[in-house]
Amino acid sequence: MHTYNDKTYKKEELKNINDIDKLTENKDFYYWFDIKGLADPSIFETLYSKLNISRLVLEDITSSYQRPKLDEYDNDKYVFAVSRHLYLSDENDLCNEQISFILTAKCLITFQENYEDCFDPVRKRLEVGKGNIRIGGSSYLMYAIMDVIVDNYFTLLNYWGEELDAIEDRLFDNPDKRIMYDTQGIKRSLIMIRKVAWPERDKLNDILRSDSELISDVTKTYIKDAYDHCIQIIDFIESLKEIASANIDMNLSIISNRMNEIMKVLTIISSIFIPLTFIAGIYGMNFSREDPVTGKVMTENMPELYQPHGYIYVWVVMVVIAIIQVIYFWRRGWFK
């Protein structure tokens, strides 16, 4: 629990929030309840009974697959919002965590599905007390958290941009089959963050257009900046997707060119040995020059089979043919 105003700030850990209505009775302060984990059902019963939070809202909090959105309830009694926190695990897998907000006039309640924390920059700003963090109200605190979440998308995109640059270097230095898998993995991550960034932008736009008194004009001024960041993120995602697709196409082109080079070498070798095989095939027929029974000379059969030094002559002819072909292919530039 964080209790603060323009002059003071206090942080304490609560075991339960059964007395949340009493904890927030002092109207001179703003309150932030940072709840981690959704396994305790008593928390939601307390919110329902003490703050009259709709059960539909509580169900959306526990259903951790919600898209970023903004809903207003009970004539500005409270506002419910959802954001998606993206981060990389220790195995560099992209994790997608839901962050839920319940905003009232003096209180902000946040719910984190897991214990992967992204709120430290906001806590430090509260402790130091610079800027509008303590005087902007609960709606400004909600903006500050959303802004941290959005800015973290830039960190992920910069990381993937560097990875794509490294993959491009590998394409020219030492291409291998892992390049395709690595690039496709990054592309899947970009698609995931795009699915989050678009509704996040729409949610921020809904906040700008909201008439709720719980969201101050000062907060809306800063929300415009976060909205612009979302647009930049979407453009950044599209640029990285194009680079990833270009890397995949380049990898396929390199593989195709390499295959063409291999086929060219094999074709040259085949072209050299085809005439030699033809000559060897002719002399492999071994038709007799003379009938062994009658002694009759077979005039149409091969006379060269009994030629002195014929074996040497054939080898000379075959070598000369191979050399002539190699010279011809070389002059045509087929060996380059």
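Fair warning: this is a prediction, and the values are worked out from it, not measured in the lab.
Here the CZ atom belonging to F273 is positioned 8.5 Å from the CE atom belonging to M318, to the nearest 0.5 angstrom. Atom CG of residue L156 and atom CE of residue M192 lie 11.0 Å apart, to the nearest 0.5 angstrom. Distance check, rounded to the nearest 0.5 Å: CD of E13 to CG of D34 gives 10.5 Å. N251 contributes atom CG, which lies 4.0 Å from atom CD1 of I255 (distance to the nearest 0.5 angstrom). Between the CZ atom in F111 and the CD1 atom in I102 there is a gap of 4.0 Å [rounded to 0.5 Å]. Between the CG atom of L58 and the CG atom of L47 there is a distance of 6.0 Å, given to the nearest 0.5 Å.
Note on K77 versus E213: no salt bridge recorded, every NZ/NE/NH1/NH2 to OD/OE distance being 4.0 Å or above. Look at R123 and D120 and you find a salt bridge, because one of the NZ, NE, NH1 or NH2 atoms lies within 4.0 Å of a carboxylate O, short of that distance. Salt bridge annotation for R258-E261: absent, with no cationic side-chain nitrogen under 4.0 angstrom from a carboxylate oxygen.
Aromatic ring pairs are classed by plane angle as parallel below 30°, tilted from 30° to 60° and perpendicular above 60°; the pair Y31 and F29 is tilted. Ring pair F236/F154 is tilted by interplanar angle, where 30° to 60° counts as tilted.
Among residues two or more places apart in sequence or in another chain, the side-chain hydrogen bond (donor to acceptor under 3.5 Å, both in side chains) test is passed with D60 by K69.
Side-chain N or O atoms of S270 include one that pairs as donor or acceptor with a backbone N or O of L266 at under 3.5 Å. The closest donor-acceptor contact from the side chain of K11 to the backbone of E127 lies at 3.5 Å or more, if one exists at all. With hydrogens and angles ignored, the 3.5 Å screen pairs no side-chain donor or acceptor of S83 with any backbone N or O of P68.
Put simply, Y328 and V326 are part of the same group of oily side chains (I, L, V, M, F, W, Y) that touch within less than 4.5 Å, one to the next. Under a hydrophobic-cluster definition in which Ile, Leu, Val, Met, Phe, Trp and Tyr are linked whenever side-chain heavy atoms come within less than 4.5 Å, directly or via other members, V196 and L94 are assigned to the same cluster. A single hydrophobic cluster is seen to contain both I167 and L88, as judged by linkage of ILVMFWY side chains at heavy-atom distances under 4.5 Å, directly or through other members. Both L157 and I231 belong to a single network of hydrophobic side chains, linked directly or stepwise wherever heavy atoms of I, L, V, M, F, W or Y lie under 4.5 Å apart. L240 and I191 fall into different hydrophobic clusters, defined by Ile, Leu, Val, Met, Phe, Trp and Tyr side-chain heavy atoms under 4.5 Å apart, directly or through other members.
Taking the side chain as every heavy atom from C-beta outward, L204 and L208 never approach each other to under 4.5 Å. Counting only heavy atoms from C-beta outward, the side chains of L56 and D71 never approach each other to under 4.5 Å. Within the 4.5 Å cutoff, the side chain of L252 has heavy atoms near those of the M180 side chain. The side-chain heavy atoms of I109 and Y78, taken from C-beta on, include no pair separated by under 4.5 Å. Side chains of I207 and Y143 form no contact here, defined as non-hydrogen atoms less than 4.5 Å apart. Residues W160 and L190 form a side-chain contact, since some pair of their non-hydrogen atoms from C-beta on lies under 4.5 Å apart. No side-chain heavy atom of Y48 sits less than 4.5 Å from a side-chain heavy atom of I53. Put simply, the side chain of T8 reaches to within 4.5 Å of the side chain of N5, judged on heavy atoms.
For N257, the CG atom counts as densely surrounded, since its 6.0 Å shell holds more than 12 non-hydrogen atoms of other residues, nucleotides or ligands.
Note on residues 234-243: pairs passing salt bridge (Lys or Arg N to Asp or Glu O under 4.0 Å), not counting sequence neighbours, are R194-E238. The list of ring pair (Phe, Tyr, Trp, His ring centres under 6.0 Å) pairs with a residue in residues 169-218, not counting sequence neighbours, is empty.
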Would T104 and L214 count as a side-chain contact (heavy atoms from CB on, under 4.5 Å) here? Give the steps.
CA-CA 7 Å; T104 65; L214 298 177; 5.5 Å; no

Would you sort out whether N247 and L164 count as a side-chain contact (heavy atoms from CB on, under 4.5 Å), showing the intermediate values?
CA-CA 8 Å; N247 282 350; L164 288 174; 3.9 Å; yes

Apply the test side-chain contact (heavy atoms from CB on, under 4.5 Å) to residues D182 and R170: give CA-CA distance (whole Å), side-chain angles for both, the deciding distance (0.1 Å), then the verdict.
CA-CA 11 Å; D182 294 343; R170 287 164 56 192; 3.1 Å; yes

Is there a side-chain contact (heavy atoms from CB on, under 4.5 Å) between F119 and Q112? Walk through the geometry before answering.
CA-CA 10 Å; F119 296 163; Q112 297 184 68; 3.3 Å; yes

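Contact detail for S139 and L103: the closest heavy-atom pair is N-CD1, 3.7 Å. Considering all non-hydrogen atoms of both residues, A226 and V150 come closest at O-CG1, 4.4 Å. The two residues I234 and R201 have their closest heavy-atom pair at CD1-CD, 4.0 Å. G136 approaches S216 most closely through the heavy-atom pair O-OG, 4.1 Å. Summarising the geometry of A197 relative to C230, their closest heavy-atom pair is O-SG, 4.4 Å, with the distance given to 0.1 Å.
Between Y87 and H85, the distance from one ring center to the other falls under 6.0 angstrom. Between F80 and Y73, the gap from one ring centroid to the other reaches at least 6.0 Å.
A side-chain donor-acceptor contact under 3.5 Å links H229 and D151. A donor-acceptor contact under 3.5 angstrom links the side chains of N92 and Y159, judged on distance only. A donor and an acceptor atom, one from each side chain of T155 and N158, are nowhere located under 3.5 Å apart.
Results of the side-chain hydrogen bond (donor to acceptor under 3.5 Å, both in side chains) test with Q98 over R84, E113, R67 single out R84 as the only residue that passes.
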